[in-house]
Each structure stands twice: as structure tokens, then as C-alpha cells.
Amino acid sequence: MPPSVCSADCGPGLRKFLQEGIAACCFDCIPCPENEVSNETNVEKCVRCPEDQYANREQNQCIQKSVIFLNYKDPLGMTLASMALCFTAFTVLILGVFVKHHDTPIVKANNRNLSYILLISLMICFLCSFLFIGQPNAATCVLQQITFGVVFTVAVSTVLAKTVTVLLAFTVTAPGRRMRFFLISRAPNYIIAICTLIQIILCAIWLLVSTPFIDTDAHSEHGQIIIVCNKGSVTAFYCVLGYHGSLALGSFIVAFLARNLPGKFNEAKLLTFSMLLFCSVWVTFLPVYHSTKGKVMMVLEVFSILSSSAGLLGCIFIPKCYIILLRPERNSLQKLKEKSSY
């Protein structure tokens, strides 16, 4: 006897859907659910693809997902790497200008040693962007956040030390004042060591509690597995970032208080604007970073590192280089004593 069939066969990529109260030979053919396949006829259940595979458009075969990361060959990776190289070269150029003109008043003003430390730390900040580009491994995942945390702390604490130096320089008006001792003894320089030590302790706790590790994101992009560095502890990351923010806020407040002090060598206005720009970048970064995933998250962090470092470099040092290179007549002790400011 030939079998009686009232419905056409369900081919690959489809599954049988039986309705209640209707004969078993009558059924509907519906597509397999997302990321499930069927490669036989008249199957009642589809098979889910493994995590490292995805269903093709016909939903009759599982295909291996491609592994991607923020690569130097990608347009975004190439752009960020080029920006980091350009900013690093520009920082080296500014450092060379400052070293060449180290005896001029505008370089000596506000502690030239602090200017050297700030330039070197900013140069390392630009270079640390390369830790976020390329295929991650266990070492780079740890170095990414630790280098970012410590080097940025050195940079921001140096700005804080420069603002304190400005404030002390104008506070000391009488030889017998106690403040004179702090200025002569280079006490502001200890701010860098103390602030950096605190950040190193925070990073050490981070590594002990939850070390960053390599992670895979198989859900953000269809048909792709994104290799990213998992920060381990998001709380520790925000503590490190929050510490940067507290130092930047302290620098901004001190520089804001000293912004109207007289003297052409007073760079408090430049420091105030640089800290305002720095805080704006990272305040904008937090909500956007929290809402992104995968490779975009890495791109956003690298861009924030580059833009905030470039802001510090441009706001503090470009006006000085302009005077050193293009207006050398203003780079004299007589001009620095004038009431007008640069």
C-alpha cells in the first residue's frame, strides 16, 4: 500500500511543525530557529551549532566562525597605530626643543625637571596604545591595564606637582615663611612618587584578586569570534580610573585657584584647561564604554588614551614651543617680568 501524504516533505533547513487535532501526516514546514540547522528531510528538531560555529543562510550547515581582533591591518587599527606613532614623534620633538633650550626662562619656569618627566610619561602613554592593538595574549592583557594605570598616574600627578609648584611660588613672599622650605626642598616632586605608589598598590591588589585574561566574544558579531582582554575585575578597573579622575580633579582645583596669579611664567591657566579637557574625555568615555562590546570597546579605550594624552601635550607645551621657536624675543627674563602673560 502506498503511504498517504497530505503535506510536502520538509527539506534541509526546515523542520516539521505538527498541529494538534490533525493527522500526523499533515504538518507545516517552518525554518529552523536562529543558529540551528537541519540537513535531513522531515526532521522534527533542529540541531544547534556549537559556540565556535554559526548556521549558514540556508540553515542546513554549520560554518566555522572567523577569529578577529583589533588588527594592525584593519582600518581602525592602522589609524590608531598611525596616530600613536605621530603623537610619540611629536612628543620626542617637543622634548628635544626643551632640552636644547633648557637654560631659557620659559623652560626653567614651573620646574623644568617636571616638564621632562611629563613629556616622557606622555610619550609612554602614546606607546602603550600598541598594547591594545594586535592579537592579545596573557602578557599583553596584564600589561595593558597596569601600564595604562601607572603611566597615566605619573603624568597626571606630574601636572598636580606643577600646579602646586605654581601656587607655592606665588605664596612665598617673605623669606621666613614656612612655605619657602617646601619650595626649596622640592617637596612638590614627592607628589609624583606618593601618587604613583598608591596606584601601584591598587594595581597589585587588582592582579592578586582578579588578573586580566584572554576572553572570547562569540555573540557580538555574527559569524565572528572576537578575541578580547577581559579586565578580570571591572570594579578594580573603575577604581584605577577613578583614582586618575581624583588626581585630575585635584590638579584642576589647584590650577584654577592659581589661574589669576600674576607673572608671565604662571602656567596655571594652561594646566587648568588641560585638566578640564582630560576630565571631559574620560567622563565621556565611561558611559559610552559601558554600552559597547568587543572590538569597539578596545577602539574606544585606545582613542581615549590618545586624545587625553594629546590634550595634555597640546595645552601645556604647544604655547611654550610657540614662544621658544617663533617668538624668541619674548623668552627673556625681562619679558617674563612684564605684567602681560603668554
Side-chain angles (χ1 to χ4, degrees), residues 79-127 129 151-152 154-156 158-170 188-189 248 251-252 254-281 303 305-342:
T79 302
L80 293 173
S82 300
M83 289 174 61
L85 282 176
C86 291
F87 284 135
T88 301
F90 190 58
T91 308
V92 172
L93 183 63
I94 294 177
L95 181 60
V97 171
F98 268 60
V99 171
K100 183 179 179 180
H101 299 85
H102 65 280
D103 285 331
T104 58
I106 205 166
V107 175
K108 289 181 178 180
N110 307 111
N111 198 325
R112 65 185 171 190
N113 290 331
L114 291 180
S115 297
Y116 296 156
I117 295 173
L118 181 56
L119 284 170
I120 293 172
S121 61
L122 288 176
M123 183 173 59
I124 300 175
C125 285
F126 292 129
L127 291 175
S129 302
V151 176
F152 254 89
V154 174
V156 180
T158 304
V159 176
L160 178 60
K162 288 175 76 68
T163 55
V164 172
T165 301
V166 173
L167 198 59
L168 287 178
F170 285 99
N189 295 1
S251 301
F252 173 77
V254 177
F256 184 79
L257 294 175
R259 74 192 188 284
N260 291 326
L261 293 174
K264 205 171 185 183
F265 59 90
N266 178 16
E267 62 177 357
K269 292 182 180 179
L270 302 178
L271 297 173
T272 302
F273 188 72
S274 67
M275 284 295 98
L276 182 62
L277 181 61
F278 181 88
C279 293
S280 300
V281 169
F303 180 77
I305 291 173
L306 293 176
S307 57
S308 57
S309 302
L312 292 179
L313 183 68
C315 293
I316 297 174
F317 294 102
I318 287 182
K320 294 177 180 293
C321 289
Y322 169 76
I323 294 175
I324 293 172
L325 299 176
L326 301 179
R327 302 294 297 274
E329 71 279 0
R330 298 174 62 181
N331 190 13
S332 63
L333 187 60
Q334 182 180 358
K335 288 290 182 180
L336 286 174
K337 289 180 179 179
E338 293 179 359
K339 185 177 179 179
S340 61
S341 61
Y342 58 84

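The model shown is predicted, which means the values in this text are computed figures rather than measured ones.
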In terms of heavy-atom contacts, Val107 and Ile324 come closest through CG2-CD1, 3.7 Å
Taking every heavy atom of Ala84 against every heavy atom of Thr88, the minimum-distance pair comes out as O-OG1, 2.7 Å
So CZ of Phe273 and CZ of Phe252: to nearest 0.5 Å the spacing works out to 11.0 Å
What donor-acceptor contacts under 3.5 angstrom involve side-chain atoms of residues 95-104, with partners at least two apart or in another chain?
unit_1: His101; atom_1: ND1; unit_2: Val97; atom_2: O; d: 3.0
unit_1: His102; atom_1: ND1; unit_2: Val99; atom_2: O; d: 2.8
unit_1: Thr104; atom_1: OG1; unit_2: His101; atom_2: O; d: 2.6
unit_1: Thr104; atom_1: OG1; unit_2: Asn331; atom_2: ND2; d: 3.3

*Is a donor on one side and an acceptor on the other found under 3.5 Å between the side chain of Ser121 and the backbone of Leu118?*
yes
Value for CD1 (Ile94) from NZ (Lys320), rounded to nearest 0.5 Å, stands at 11.5 Å
side-chain contact (heavy atoms from CB on, under 4.5 Å) with Ile120: of Ile117, Leu122, Ile124, only one passes, and it is Ile124
Can Ser307 and Val281 be said to form a side-chain contact (heavy atoms from CB on, under 4.5 Å), step by step?
-> CA-CA 7 Å; Ser307 57; Val281 169; 3.4 Å; yes
Between Val156 and Ala248 the two heavy atoms that sit nearest each other are CG1-N, 3.5 Å
Separation between OG (Ser129) and CG (Leu306), nearest 0.5 Å, reads 3.5 Å
OG of Ser309 to CZ of Phe126, rounded to nearest 0.5 Å, is 5.0 Å
More than 12 heavy atoms from other groups under 6.0 Å of CZ on Phe303:
no
Query raised in the report: Between the side chains of Ser115 and Lys162, is a donor N or O closer than 3.5 angstrom to an acceptor N or O?
Result: yes
When rounded to the nearest 0.5 Å, the distance separating CG of Leu271 from CD1 of Ile316 is 5.0 Å
### Task
For side-chain contact (heavy atoms from CB on, under 4.5 Å), just list the numbers for Leu312 and Met275, CA-CA rounded to whole Å, side-chain angles, deciding distance to a tenth of an Å, and then say yes or no.
CA-CA 7 Å; Leu312 292 179; Met275 284 295 98; 3.2 Å; yes
Apply side-chain contact (heavy atoms from CB on, under 4.5 Å) to residues Ile305 and Phe152 and explain how you reach the verdict.
CA-CA 9 Å; Ile305 291 173; Phe152 254 89; 3.7 Å; yes
Rounded to the nearest 0.5 Å, the CZ atom of Phe87 sits from the OG atom of Ser82 at a distance of 11.5 Å
Val151 and Cys125 have their tightest heavy-atom pair at CG1-SG, 3.3 Å
Check step by step if side-chain contact (heavy atoms from CB on, under 4.5 Å) holds for Leu313 and Leu119.
CA-CA 8 Å; Leu313 183 68; Leu119 284 170; 3.7 Å; yes
Nearest heavy-atom contact between Leu277 and Gly311 is CD2-CA, 3.4 Å
